[in-house]
2 protein chains.
Amino acid sequence: MTEDTCSVNIFDPEKVEKVKSVLSDDEDTLKLAVFFKTISDQTRLKIIQSLIIEELCVCDLAEITNVSISAVSHQLRILRDKNIVKYRKQGKMAYYSIVDEHIDQIINLVKEHISE
Amino acid sequence: MTEDTCSVNIFDPEKVEKVKSVLSDDEDTLKLAVFFKTISDQTRLKIIQSLIIEELCVCDLAEITNVSISAVSHQLRILRDKNIVKYRKQGKMAYYSIVDEHIDQIINLVKEHISE
DNA sequence: ACTACATTTGCACAGTTGTTCAAATGATAA
DNA sequence: TTATCATTTGAACAACTGTGCAAATGTAGT
């Protein structure tokens, strides 16, 4: 993986060291990547955007996202595991909502970025 | 894909309609998803964060990210296609830089979000 | 106990992704 | 031209991802 395919190439060691020292460490970058990956699926994004508007049950989300209940449930589990959504049980139903409204800001900032 | 597995379940049609009408359309959500997917890989994130600091050539980026030159080049192509990075040719070298500094804000906002 | 039903879960499968390898470009210098 | 070298590209491959199906779980009512 990390073999020195670059051994012949000249690179600027000073620049490289400077960048390396300023850069986030691998762990932080991995956390960023995991977060972005979690919200980079169309179904999950629809779920998130819906839950920002209001609390919804699994079946409502299936109707809104246009995928099977099973698929929604799978995606909700991923979002729960990543602490992006939470749920309350009421009888047979599960009502899902957003954990941290912060995510709304992030999506809006990206929307601005895209529409340029 | 869109079969009515949900036909038996009761869902709240009023809520669903309300959310559907407020929600971004599929095309916008897809754009969001594509953007997030583009920046959700660890190697690409390192490249982006490095280029935010300063302009770098392919070989420098390979050294910084610790992957092969070929792998970096593949990732740079993805970032070019998505208009996230650009490059200038100088002799044999290609110097890459960030297209839109906006992306720095996005990453920083997510970093804040994560560190809570 | 039984039935009904919302949700979850495990499995299988197709589609996607990131990497490496080897070959191709393209540019400089001799 | 030939050689050298930075970068790009295409193919192949393993690993991962999102979905639907079917079975399981859990809850409410009879």
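Within every chain, numbering begins at 1; the chains are lettered A, B, ... in the order of the sequence lines, protein sequences first and strands thereafter.
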Generate the contact string for nucleotides 10-18 of chain C. Rules: B means base contact, S means sugar-phosphate contact only, - means no protein heavy atom under 4.0 Å. B------SS
What is the distance, to the nearest angstrom, from the CD atom on Gln90(B) to the P atom on dT7(D)? 11 Å
Answer with yes or no whether the hydrophobic clustering places Ile52(B) together with Leu109(A); edges join I, L, V, M, F, W, Y residues whose side-chain heavy atoms lie under 4.5 Å apart. yes
Base, sugar-phosphate, or nothing: which does Ala94(A) touch, judged by heavy atoms less than 4.0 Å apart? sugar-phosphate
OP1 or OP2 of dT8(D) less than 4.0 angstrom from a side-chain nitrogen or oxygen of Tyr96(B), does that happen here? yes
Shortest side-chain distance from Ser73(A), nucleotide among dG20(D), dT9(C), dT7(D): dT9(C)
Rounded to the nearest angstrom, tell me the gap between atom CG in Leu45(A) and atom P in dT17(D). 16 Å
Distance in angstrom units between Ile47(A) CD1 and dT7(C) P, rounded: 12 Å
When the distance from CD1 of Ile69(A) to P of dT9(C) is rounded to whole Å, what number comes out? 15 Å
Which is true for Tyr95(B) with a 4.0 Å heavy-atom rule: it touches a base, it touches only sugar-phosphate, or it touches nothing? nothing
I need the CE-P distance between Met93(A) and dC5(C), as an integer number of Å. 13 Å
Is the backbone N or O of Leu79(B) less than 3.5 Å from a side-chain atom of Arg44(B), with the two atoms forming a donor-acceptor pair by type? no
May I ask you to decide if the ring planes of His113(A) and Phe35(B) are parallel, tilted or perpendicular, using 30° and 60° as cut-offs? tilted
On DNA chain D, more 5' by nearest nucleotide between Ala71(B) and Val72(A) is Ala71(B)
Round to a whole Å and report the spacing from NZ of Lys89(B) to P of dC5(D). 17 Å
Counting only heavy atoms from other residues, nucleotides and ligands, does the tally under 6.0 Å from CD of Glu116(B) exceed 12? yes
Whole-Å distance, Leu76(B) CG to dT9(D) P, equals 11 Å
Please verify the inter-ring angle class for Tyr87(B) with Tyr96(B); under 30° counts as parallel, over 60° as perpendicular, anything in between as tilted. parallel
Do the non-hydrogen side-chain atoms of Leu61(A) and Leu51(A) ever get within less than 4.5 Å of each other? yes
Take the protein atom OH of Tyr87(A) and the nucleotide atom C1' of dG26(D), then report the distance between them rounded to whole Å. 11 Å
With a 3.5 Å distance limit and no angle check, can you tell me whether Lys86(B) reaches the backbone of Arg80(B) through a side-chain donor-acceptor pair? no
In terms of side-chain heavy atoms of Cys59(A), which of dT7(D), dT9(C), dT7(C) is nearest? dT7(C)
